[in-house]
Amino acid sequence: ERDDIEPSLCLTKVLHDLPCSNRDVSTTEISPHLYFICLLHLANEHSLTLRDRPTLDEIDIYILTSPLVK
C-alpha cells in the first residue's frame with residue numbers, strides 16, 4: 001500500500017456534508033453509528049479502503065480508481 005496517496009474523503013466531512021445534500025432526512029433520525037455501519041457496507045461492496053489516523057480521530061476513505069474495480 002502506498003502512503004503518499006491522498007484520501008478521497010474523510011468520515012467527518014461525509015458526516016458534515018450529508019445532511020446538506022439530503023434534506024429529506026432529519027439529522028436526528030440517523031446516528032453516526034449508522035453512518036459508520038453503512039460506510040463499512042459500501043467499503044465492502046465497492047472496494048473502498050478505510051484507514052484510521054495515528055490520532056484515531058478520523059477515518060480516511062480511499063476510492064480505488066483501478067479499471068479492475070467495478
Side-chain angles (χ1 to χ4, degrees):
E1 293 182 31
R2 293 180 51 189
D3 290 332
D4 60 339
I5 300 173
E6 288 292 320
S8 303
L9 295 168
C10 63
L11 184 59
T12 54
K13 178 149 178 55
V14 172
L15 290 174
H16 180 266
D17 292 347
L18 194 58
C20 297
S21 64
N22 188 1
R23 298 199 184 272
D24 293 337
V25 177
S26 169
T27 56
T28 59
E29 293 178 12
I30 302 176
S31 71
H33 300 94
L34 184 57
Y35 282 121
F36 182 71
I37 291 168
C38 292
L39 175 62
L40 291 177
H41 176 74
L42 290 171
N44 187 42
E45 281 195 349
H46 298 284
S47 300
L48 304 177
T49 299
L50 306 178
R51 286 195 197 156
D52 62 347
R53 294 190 184 170
T55 55
L56 300 177
D57 63 349
E58 184 64 89
I59 297 174
D60 293 323
I61 306 166
Y62 297 83
I63 301 172
L64 301 178
T65 56
S66 169
L68 299 176
V69 176
K70 294 182 180 180

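Numbers here are sequence positions counted from 1. Worth saying up front: this structure is predicted, and the values here are computed from it rather than measured.
Leu34 and Val14 fall within a single hydrophobic cluster, where Ile, Leu, Val, Met, Phe, Trp and Tyr side chains are chained together by heavy-atom contacts under 4.5 Å. Taking hydrophobic clusters as Ile, Leu, Val, Met, Phe, Trp and Tyr residues chained together by side-chain heavy-atom distances below 4.5 Å, Leu15 does not share a cluster with Ile37.
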Exercise. Take Leu50 and Leu40, measure what side chain to side chain contact (heavy atoms under 4.5 Å, CB included) needs, and give me the verdict at the end.
Key: CA-CA 8 Å; Leu50 306 178; Leu40 291 177; 3.7 Å; yes
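For the atom pair CG of Asp60 and OG of Ser8, the computed distance is 9.5 Å after rounding to the nearest 0.5 Å. If you take CD1 on Ile61 and CZ on Arg51, they are separated by 13.0 Å, rounding to the nearest 0.5 Å. Separating the SG atom in Cys10 from the NE2 atom in His16 is a distance of 11.0 Å, to the nearest 0.5 Å. To the nearest 0.5 Å, atoms CD1 (Ile63) and CG (Leu42) are separated by 10.0 Å.
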